[in-house]
Amino acid sequence: MIESIVRATLLGVQSGMILALIAAGLTLIFGMLDVINFAHGALYMLGAYFGSVIAVELGSFWLALLLAPLLVGVVGIAIEVFSLRPLYGRNPLYHILLTFGFAIMIQGAVVQIWGGQARQIAQPALLTGTLSLGVVDYPVYRLFVLAISTALIGGVWLAIDRSNLGIIMRASAHDTEMVDALGIDVSKVFTGVFVLGAVLAGLAGVLLGASRSVNPGMGMGIIIEAFVIVVIGGLGSFRGAVFSALLIGLVTSYGALIAPTLTDLALFGLMAIVLMVKPNGLFGATEAA
Amino acid sequence: MARRPMRNSSNHERDRHGNSGDSDRSTMSRRKYLHTGAAVGTAAAIGGCLGGSGEGGGGLTVGYALPFTGTYAMLGESIVNGFEMYLEQNGGEIDGREVETVQRDTEADTNRGVDVTRELLIEEQADVIVGPVSSAVAIAIMDTIESEASAIWLNANAGDYRVTQEGCLDYHFRTSFNDWQTSAPLAEWVYENVADNVCLAYADYAFGQNSKNFFGEAFEEAGGEIVAEVGAPLGTDDYSTYLGQIESSGADAVFSFFAGSDAVGYVSAFADYGLNEEMTQTGSGFLLSEDTLPAQGEAALGMYSLLHYTPAQESERNQTFVENYRGAYDSTANVYACQGYDSAQAFAAAVEETGSAEPDELSGALSGMEIDSPRGSFRFNEQTHEAIQNMYVREVVESDGEQPVENQVVETIESVEGPTWDCDLS
């Protein structure tokens with residue numbers, strides 16, 4: 001009993017931190033660019049597919065982990081510069097339709113190129129096997145995923161909170177015209193934020209692609225979860241996204257232990273309750289970014 | 001992909017149906033094709049090339065009701081490849097009649113499946129329906145097949161036993177397998193060779209539940225004990241929690257039904273947690289099949305599964321099939337391609353035997369017919385129209401081929417017949 005609770009907790013925290021990587025990008029993009037990015041799940045999936053190709057072609061998980069997110073970043077630049085930029089300031093519906101279209105296009109392209117069957121990224125030899133944590137044996141790779149995603153989230157948090165770049169980012173979100181008037185190229189800041197989000201999603205794709213299956217449905221699956229997280233945490237709030245990602249990760253893994261079929265219901269139930277009690281989400285509106 | 005040119009008469013049909021509402025469609029057509037069959041006969045005489053209902057000469061029309069997009073796209077494509085390879089080998093003709101093929105995408109969706117089946121039967125006047133992949137679609141189209149009564153149905157993959165139990169259709173022939181065959185026969189083998197207690201793990205939907213029930217019943221009958229049952233929702237991302245439950249059941253072996261990307265996720269997590277050192281993994285063949293093994297890789301080593309076809313089978317018949325398939329499509333044949341190929345073989349043999357494409361005559365010919373398949377020859381049960389076939393217990397072993405691992409047959413269970421589920425068509 002204790003064993004399964006410990007295991008579920010570890011899993012919950014681990015998948016929570018990975019979800020945080022995805023949700024953080026989603027919420028930052030919304031907070032700064034005012035864009036609801038439906039293509040975010042597709043970018044996550046692209047990360048996994050790029051990773052699986054690089055891992056096979058170059059024979060190295062580490063190169064995949066390094067290069068795949070960068071490639072996703074390049075895709076992110078293309079999407080932001082060529083399609084989102086002309087639409088800033090218009091009705092948000094334009095962004096939703098556009099990014100939703102990208103999600104479908106990317107998914108279609110993935111099926112065309114790599115087919116419908118599932119793939120996987122081979123784990124590096126260094127991280128195979130399990131580690132005894134007293135009560136349970138836990139796979140080394142999953143502990144690595146937990147560590148690296150926590151470090152990344154921490155890094156991004158610090159960057160937004162402390163660095164000059166973070167201050168410019170938050171200022172741009174707050175008052176775009178003023179920042180522009182002060183001689184800072186806001187459009188570059190926007191591109192940067194979008195690319196950061198894309199890279200984080202791509203990273204999550206590679207990390208999860210080695211412990212789950214890589215398949216054309218993975219993007220659509222994760223985007224729903226990511227939206228639930230962002231809504232619960234408060235649209236645009238980084239802190240909220242991280243907090244509620246952990247919450248959702250734990251709810252999902254405890255749910256699987258108690259009533260597997262009701263887990264999805266629990267997620268949406270939680271979202272409904274939060275929306276009723278705090279319509280802006282747990283951390284919404286109290287924080288600009 | 002492109003559909004071959006249509007006959008003029010069909011365009012005419014389409015216009016006429018265009019005027020009636022969707023709900024009228026089947027009544028309209030049934031009246032037309034069944035009750036005023038004479039009119040059709042006249043039309044055929046005038047048109048001279050209305051192959052559809054297939055009296056005597058004229059062409060034959062094959063209707064593929066298969067998924068060509070989405071998760072099951074690869075399966076649909078493989079079935080078509082298998083079928084077309086047979087046609088190709090025979091100059092595109094069966095019994096001296098030219099064969100046209102028409103593809104319709106079911107999208108593995110029940111509503112869509114019914115629509116395309118109706119289209120194939122009514123507008124395209126198909127002589128044979130090949131498909132579907134999804135069992136839910138198969139159950140949904142049973143009514144249409146029965147009420148239109150205009151074509152034989154070669155079920156090239158949907159294995160749900162309820163198609164026989166609830167449908168028991170005269171026109172339905174399973175050129176593939178049923179869920180009893182891919183689970184129950186393994187139980188006795190596991191009891192005798194692996195362990196006397198198992199944990200059941202399954203994807204929690206109809207097919208997964210059927211498989212674990214069939215296995216569980218047969219395992220207890222053999223004298224074994226079911227220690228625990230663990231159901232995971234279809235499309236589960238992370239199997240950690242379920243693996244925890246499997247591990248704490250303390251069973252010596254586990255029987256699983258998962259397929260596609262679920263099978264990949266489950267098997268790799270099973271190895272991640274080191275469960276393969278504590279218990280033996282067994283399962284229905286789809287847990288470890290040609291579409292999942294490349295992704296599962298070494299994590300799958302030493303696992304056992306049961307299926308009616310394995311590309312590595314060492315018979316001459318199969319080697320030829322695999323070589324030809326590689327020559328034609330530059331890829332390894334899989335179980336779905338074999339099912340497509342056998343559907344073509346069955347259809348051709350029946351048309352040649354009767355010289356007709358009338359579904360009643362074809363059904364009569366197919367019942368009890370033996371097919372010389374790459375999987376080993378099989379026979380259609382007169383009572384149920386299920387395939388009576390060999391089932392193979394396979395072990396995943398290292399391979400020196402293009403993939404790191406492959407299935408190797410360790411035991412053949414011969415002529416597996418299965419229950420009749422109170423269906424008697426003989």
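Chain naming here is simple, since letters A, B, ... match the order of the sequence lines and numbering starts at 1 in each.
In the displayed structure, B:Y205 atom OH is contacted under 6.0 Å by more than 12 heavy atoms of other residues, nucleotides or ligands. By the neighbour-count criterion of 12 heavy atoms within 6.0 Å, atom CD of B:E398 is sparsely surrounded, having that number or fewer from other residues, nucleotides or ligands. Around atom CZ of B:F270, more than 12 heavy atoms belonging to other residues, nucleotides or ligands sit under 6.0 Å away. The 12-atom threshold is exceeded at CZ of A:F50, counting heavy atoms of other residues, nucleotides or ligands nearer than 6.0 Å. Heavy-atom contacts from other residues, nucleotides or ligands closer than 6.0 Å to CD1 of A:I113 number more than 12.
Heavy-atom distances place no part of A:Q112 under 4.5 Å from chain B, backbone and side chain included. Looking at A:S211, the atoms closer than 4.5 Å to chain B (heavy atoms on both sides) sit in the backbone and in the side chain alike. For B:Y266, no part lies under 4.5 angstrom from a heavy atom of chain A. At a 4.5 Å heavy-atom cutoff, the contact between A:P260 and chain B is made by backbone and side-chain atoms alike. Proximity to chain B (any heavy atom under 4.5 Å) is shown, for A:Q107, by neither the backbone nor the side chain. For B:S240, the parts sitting under 4.5 Å from any heavy atom of chain A are the backbone and the side chain alike.
Side chains of B:S268 and A:Q120: a donor-acceptor N/O pair is present below 3.5 angstrom, by distance only. No hydrogens or angles considered: nothing links the side chains of A:Q14 and B:D238 as a donor-acceptor pair under 3.5 Å.
Across every non-hydrogen atom of B:V264 and A:R119, the tightest pair is CG1-O, 4.1 Å. Taking all atoms of both residues into account, the shortest heavy-atom contact from B:Y273 to A:D137 is CD2-O, 4.1 Å. For the residue pair B:A295 and A:A118, the shortest heavy atom distance occurs at CB-O, 3.4 Å. Taking each heavy atom of A:R142 and B:A269 in turn, the nearest pair found is NH2-CB, 3.8 Å.
Separating the CG atom in B:D272 from the CZ atom in A:R212 is a distance of 12.0 Å, to the nearest 0.5 Å. In this structure, CG in B:L243 is found 10.5 Å from CG in A:L11, a value given to the nearest 0.5 Å. Here B:E298 contributes atom CD and A:T128 contributes atom OG1; the two are 10.0 Å apart, rounded to the nearest 0.5 Å. We find the OG-CD distance between B:S78 and A:Q117 to be 8.0 Å, quoted to the nearest 0.5 Å.
The candidate with the highest count of non-hydrogen atom pairs below 4.5 Å against chain A, out of B:E247, B:Q296, B:E277, is B:E247. Note on A:P139, A:G217, A:S15, A:G12: by heavy-atom pairs under 4.5 Å with chain B, the leading option is A:P139.
Residues B:D237 and A:M218 are not in side-chain contact: their nearest non-hydrogen atoms beyond the backbone lie 4.5 Å or more apart.
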